[in-house]
Student: 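Before I ask anything, let me first share the structure, which is written out below as structure tokens.
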Amino acid sequence: MKITLFEQAPYRYLPDDFEQHYESVCSTPYSLTTRDGVYSSVRDFLDELMHGARAGFDGVAVTEHGQSSYDMMPNPDLVASALAYMTEAEGLDVAIYPMGRSLGKAREPLRVAEEYAFVDVISGGRLVAGFPIGLHYDAAINNGIPPVEIRPRFDENLELILRAWSEEKPFPFNGRFSQYPQVNPWPRPLQGTPPVWITGLGNPRTMQMCFERNFGFNYLSWFGAKLTGQRIFDRFWELADESGVERNPYRVGFLQTIAVAETDERAEKEYAQHLEYGFRKGLGSIPLEKLAIPGGIDIRGVQALAKDPSDFGLYLQMRGASFRELVDAGVVICGSPATVREQVGDFCRRYGIGNLHAMLNFGSLPRELTMRNIQLFAEEVAPSLRELWRDSGYTHHWWPERLGGKPTAPTEGGGATEGAVDTHTAARTAVHA
Amino acid sequence: MTTTESTQPAISEEFLAVWNGRLTIRVKVAGAGPPLLYLHPAAGLAWDPFLTQMAEHYTVYAPEFPGTSVGDPYAIHAVDSLPDVVLIYEEVVRTLGLSAPVMVGQSFGGMIAAELAATFPTLPSALVLLDPIGLWREDLPVANWLTTPPDQLPALLFHDPSGEGAQAMLAMPDDPNEAAAATAGMVWSMGSTGKFTWPIPDRGLRRRLHRIAVPVLVVWGREDSLIPVGYIDEWQAQLADSRAVVIDDCGHIPQVEKTSETVAAVTEFLGQPRKVAP
């Protein structure tokens, strides 16, 4: 199994009663911050990621959230490029993994292709190219994209980027959302087309696209993997079977917030308050009406959620969630190395997960505790987990060649938009009855 | 004129192939008399007592916006731009064979009706706009109805959400499956129309309003909290021939919250309906 260190860059010094007064995105008053607080939150975040790279993680992963107090990361490529250079200079063979640039949000898709290409060059071919569709608040509110257009825009942008990387000759691009008289980015990725990963929350069309196009699929367990994991991964593998795609665990990535200390008791004592801070003041303080804006979720998805909101797991109660509730829902796994090994290992085995994104910083967790969490995880947890799937016979086709993967190119297929209408860039997707 | 509760007329449906066959527009039709084209608000078409009363003197044609028709949600992906929307509606009017219809538009429908009348000045005979969106003033921001929490929507739409008309409009089916389907349909309708109002419901209509060549009645609820009554001046400043009626104790949907007053204002403006042209 491949194991990355995933981090967000939360502002760590929000007031205790933050969640009673503020939302964590879009409207959060910047006056709550101090200069030193912002500096140390971001500086420590970078140091922690480098610590992970040095501690032997297979990759370092970040993602994109604009206008957000829980992740001050308007463009993950800024961090990815810094990590790419630092790790290259130090000779660290880790994947640089922006999870990454949201293409439902991007108004300059060619720039995304250029940035990723440049990061791949800096890193000597270690980029893993993540493309989330885009959170509604980020794409629609922060970037002005009509919610119903997020997926069609994602589809068109992705086609442009893949083509920009792979076509040898300059070409004109006549899209609905962007037009370019000549597309010919310099440089191109050293890898040609780096491994492509899509982040999804459970929409079957997104999963289907990953099978059709030979993309990896990342599921981020923010809502509580004990509540949502079985639903999501059963759906995923059943769709794989229907698509005639083998159940290769390496095509799935799973993000889990993890807190490890010497003993279970010490883990709870040291981490509980920071985990509560992280989820109450982070995801829990994103109001539903900004996470699910009309038009952004497919009509049948809305109908399913209206009847049974289980895909949202603990999210609707997260603003006041206790440590125990976070643990019980699987939002976090917290304990001794043995506890964490067992719980994470069980989960990955049960659901066929071949890539673990371990989120080891959260909320207000101070630098020293984060560093120790990273160190303990790297030394006491990761080695045994890494053995998972080693003798399974499956090959990792979604990982850079320089890092031991055997990447295969994207294939033709549909996009992420249910009921998309034919354009010259996106094939029409099937409309299921 | 009657303002008492009317029984719902027989409503028929027509399915029009337009946009070179890429769209099938569903049109609800009721009543008898000269043509009246009704363009619905952002959440989709709901046949209300106002339309029932209009149908006593007019043949009411109420097309459904692409994406808002039950069973055809992905039609919205076939419509790319607001100019295309205007041309699609012109095709609808032409395919229906309507000659100089009265056009009535509510909220989002008011914006579309105004766009249509500005693009095709001779298409309608008169225009009635009920709390239309489409203009923007920095000092009078329009509420973002797409990010308003569901439990706050009634107060955004109605001066008195507990009123009879409001309650009838907000009622949901008892059956959980039907309720889920109704919720999903309404949410998707708002998403579909939102394609042409997000992020700011101003697509430059102000620059085009001077082209409207027919009399316009602008009706507004004085307590409209979605788009404030102050916008009435903005419309009148741009329109060559307009009248305004402000209805007291009324929110964003006058024809539901104050049906009698709305019918009275519209009827007075339109006068006696003409005989249908031979």
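Letters A, B, ... are given to chains in the order of the sequence lines, protein chains preceding strands, and every chain is numbered from 1.
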Student: Can you list every pair that meets side chain to side chain donor-acceptor pair (under 3.5 Å) and has a residue in residues 131-140 of chain A, with sequence neighbours left out?
Tutor: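 Listed once each, the pairs are A:Y70-A:Y137, A:K105-A:D138, A:D138-A:N142.
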
Student: So for A:D298, is it side chain, backbone, both, or neither that comes closer than 4.5 Å to the heavy atoms of chain B?
Tutor: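 Its backbone and side chain both get close to chain B.
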
Student: By a 4.5 Å heavy-atom criterion (distance strictly below it), what part of A:I141 contacts chain B: side chain, backbone, both, or neither?
Tutor: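 Backbone plus side chain of A:I141, per the 4.5 Å heavy-atom cut-off to chain B.
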
Student: Is B:I76 in contact with chain A via its backbone, its side chain, both, or neither, using a 4.5 Å heavy-atom distance?
Tutor: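 For B:I76, the contact with chain A is made by the side chain alone.
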
Student: Describe, in one word, how the ring planes of A:F279 and A:W222 are oriented to each other, choosing from parallel (under 30°), tilted (30 to 60°) and perpendicular (over 60°).
Tutor: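 Because their plane-to-plane angle lies in the 30° to 60° range, the rings of A:F279 and A:W222 count as tilted.
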
Student: With A:D234, which residues qualify under salt bridge (charged side-chain N to carboxylate O under 4.0 Å, His left out), at least two apart?
Tutor: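 A:D234 satisfies salt bridge (charged side-chain N to carboxylate O under 4.0 Å, His left out) with no other residue.
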
Student: Pick from A:P294, A:G295, A:P287: which one has the most heavy-atom pairs with chain B under 4.5 Å?
Tutor: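 The option with the most such pairs is A:P294.
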
Student: Specify which of B:S81, B:S192, B:S189, B:A181 makes the most heavy-atom pairs with chain A at under 4.5 Å.
Tutor: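 Result: the option with the highest number of such pairs is B:A181.
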
Student: Evaluate the ring planes of A:F312 and A:F223, with Trp represented by its six-membered ring, and classify them as parallel (under 30°), tilted (30 to 60°) or perpendicular (over 60°).
Tutor: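 Aromatic pair A:F312/A:F223 classed perpendicular.
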
Student: Whether the A:T206 and A:R151 side chains hold a donor-acceptor pair (N or O, under 3.5 Å, no angle test) is what I'd like checked.
Tutor: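 Judged by distance alone, the side chains do pair up.
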
Student: With only heavy atoms counted, which part of B:P176 is less than 4.5 Å from chain A, the side chain, the backbone, both or neither?
Tutor: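 Backbone only.
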
Student: So which of A:A306, A:A140, A:A292 has the largest heavy-atom pair count under 4.5 angstrom toward chain B?
Tutor: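 The candidate making the most pairs under 4.5 Å is A:A140.
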
Student: Does any heavy atom of chain B fall under 4.5 Å from the side chain of A:I297, the backbone, both, or neither of them?
Tutor: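 Just its backbone gets close to chain B.
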
Student: Between A:F18 and A:Y22, what is the ring plane arrangement, given parallel below 30°, perpendicular above 60°, and tilted in between?
Tutor: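 It falls in the tilted class, 30° to 60°.
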
